[in-house]
Amino acid sequence: MPSPALRRAAPALLVSLSLGLGACAPAPQRQASAPAPAVPTFVPVAPLSATRVTTFPAAAQVTDPTRTYRAVLNTTKGPITLELYAQQAPVAVNNFVFLALNRFYDGTRFHRVIDGFMAQGGDPQSTAPALRGRWGTGGPGYSFRAEVSSGLRFDRAGVLGMARAASLDSQGSQFFITLAPADFLSGGYTVFGRVVAGLDVLQRLTRTATASAGGEVPIPGAEPDVIQSVQILVSR
């Protein structure tokens with residue numbers, strides 16, 4: 001059992017020991033900082049058509065999954081820049097890029113925008129006010145299957161997904177961008193991109209309906225915003 005004198009001296013001994021260990025410790029070495037990851041440079045992709053084309057038998061292969069793609073939606077509220085997931089959803093990304101390069105989306109509207117949920121567009125019929133009763137039913141003349149096994153989720157605002165009907169094989173040209181987390185859609189709808197610039201523009205899009213327990217309720221007099229053009233960019 002330590003003597004009373006040793007017990008009284010213990011705090012000082014501990015301080016001394018700590019100081020001694022500090023003095024014996026090697027001086028910290030300055031580590032070289034890791035090089036910053038290279039930021040890809042994006043260049044525009046030339047359109048495939050000089051005028052708008054809205055019907056095709058299928059989407060031609062136009063993307064390279066080893067490269068990075070972006071799409072700039074030039075809307076009446078401002079630009080929205082999307083990063084496209086060419087590796088995780090190659091079919092959906094190729095489809096979107098193919099249609100955009102054929103000016104398919106020029107003049108179409110965000111015909112279905114529900115506050116706290118999502119903004120939907122991509123129906124070729126939405127360029128015509130006379131066809132308003134049919135907005136949301138149009139497509140490019142073909143359909144393809146959803147890619148739902150990537151593990152990507154609709155867990156935040158700004159996630160880009162493919163719209164479809166009940167069948168997983170019913171994807172076409174219509175897409176949506178979440179305005180808030182909508183994780184209940186995860187695993188059932190294709191995630192193929194996200195907003196990387198212009199999230200504030202997305203949130204300013206005109207709401208066309210409100211959600212209720214009985215479904216959607218249209219907002220009288222709401223005029224949907226227009227997608228004036230879509231520019232595709234690819235990494236060098």
Side-chain angles (χ1 to χ4, degrees), residues 47 51-55 70-84 92 95-141 143 154 156-166 170-182 185 189-232:
T51 58
R52 183 171 179 249
V53 184
T54 59
T55 303
R70 288 187 172 181
V72 181
L73 310 184
N74 295 302
T75 79
T76 46
K77 290 288 173 57
I80 300 171
T81 302
L82 303 164
E83 177 185 338
L84 304 178
N95 177 75
F96 185 87
V97 170
F98 170 77
L99 294 175
L101 293 178
N102 280 285
R103 306 180 188 274
F104 181 96
Y105 294 114
D106 293 7
T108 58
R109 291 172 166 84
F110 280 105
H111 63 272
R112 184 176 178 233
V113 183
I114 303 172
D115 196 36
F117 182 27
M118 59 89 215
Q120 184 173 334
D123 182 349
Q125 300 175 125
S126 67
T127 59
L131 299 177
R132 189 162 188 157
R134 292 166 53 187
W135 291 359
T137 65
S143 61
F154 295 96
R156 67 193 70 185
V159 179
L160 175 66
M162 285 297 301
R164 62 172 176 82
S170 60
Q171 293 183 152
S173 61
Q174 294 190 47
F175 62 91
F176 63 91
I177 309 173
T178 56
L179 300 176
L185 299 176
Y189 291 80
T190 302
V191 174
F192 71 106
R194 67 183 179 99
V195 174
V196 292
L199 193 60
D200 59 326
V201 176
L202 174 69
Q203 296 292 358
R204 291 200 305 270
L205 293 178
T206 299
R207 275 46 173 174
T208 65
T210 57
S212 70
E216 297 174 28
V217 179
I219 298 175
E223 287 299 326
D225 292 293
V226 176
I227 299 173
Q228 298 161 323
S229 64
V230 179
Q231 183 181 42
I232 298 299

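How far CG of Asp200 is from CD1 of Ile80: 9.0 Å, rounded to the nearest 0.5 Å. Taken from OG1 in Thr54 to CG in Asn102, the straight-line distance is 10.0 Å, to the nearest 0.5 Å. Note: Phe176 CZ to Met118 CE = 7.5 Å, rounded to the nearest 0.5 Å. Here OG1 of Thr210 is found 5.5 Å from CD1 of Ile219. Values are rounded to the nearest 0.5 Å. One distance of note links CZ of Arg207 with CG of Leu205; it measures 7.0 Å at 0.5 Å rounding. The CD atom of Glu223 sits 8.5 Å away from atom OG1 of Thr206, with the distance rounded to the nearest 0.5 Å.
Leu202 and Ala119 make their closest contact through CD1-CB, 4.3 Å (heavy atoms, listed as atom of the first residue, atom of the second, distance). In plain terms, the two heavy atoms of Pro79 and Asn74 that are nearest each other are CB-OD1, 3.9 Å. Shortest non-hydrogen contact noted between Gly139 and Pro124 is O-CG, 3.4 Å. The minimum heavy-atom distance linking Arg164 with Ser170 is given by the pair CB-OG, 3.4 Å. Looking at every heavy atom in both residues, Val230 comes nearest to Ala100 through CG1-CB, 3.8 Å. Of all heavy-atom pairs spanning Gly78 and Val201, the tightest one is O-CG1, 3.5 Å.
Looking at Val53 and Arg103, their side chains never come closer than 4.5 Å, going by heavy atoms from C-beta outward. For the pair Phe175/Asn95, no side-chain contact is recorded, criterion being any heavy-atom separation below 4.5 Å from C-beta on. No side-chain heavy atom of Arg194 sits under 4.5 Å from any side-chain heavy atom of Leu160.
Judged by distance alone, the side chain of Thr208 and the main-chain N or O of Pro224 form no donor-acceptor pair under 3.5 Å. At distances below 3.5 Å, not a single donor-acceptor pair connects side-chain atoms of Asp225 with backbone N or O atoms of Phe110. When atom types are taken as modelled, the side chain of Ser173 and the backbone of Gly122 share a donor-acceptor pair closer than 3.5 angstrom. Side-chain atoms of Thr81 never come within 3.5 Å of backbone atoms of Val196 as a donor-acceptor pair (strictly under, hydrogens ignored).
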Leu82 vs Ile177, test: side-chain contact (heavy atoms from CB on, under 4.5 Å). Steps then yes/no. CA-CA 10 Å; Leu82 303 164; Ile177 309 173; 4.1 Å; yes
Go through the steps to decide whether Val113 and Leu179 satisfy the test side-chain contact (heavy atoms from CB on, under 4.5 Å), and finish with yes or no. CA-CA 9 Å; Val113 183; Leu179 300 176; 4.1 Å; yes
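In Arg156, the CZ atom is not crowded: 12 or fewer heavy atoms of neighbouring residues, nucleotides or ligands sit closer than 6.0 Å.
Comment: Arg52 does not engage Asp106 in a salt bridge, judged by the lack of any side-chain N to carboxylate O separation of less than 4.0 angstrom.
For residues 119-134, the pairs satisfying side-chain hydrogen bond (donor to acceptor under 3.5 Å, both in side chains) are Arg112-Gln120, Gln120-Gln174, Asp123-Gln125, Gln125-Arg134, Gln125-Thr137, with sequence neighbours left out.
Residues passing the ring pair (Phe, Tyr, Trp, His ring centres under 6.0 Å) test with Phe192 are Phe96, sequence neighbours excluded.
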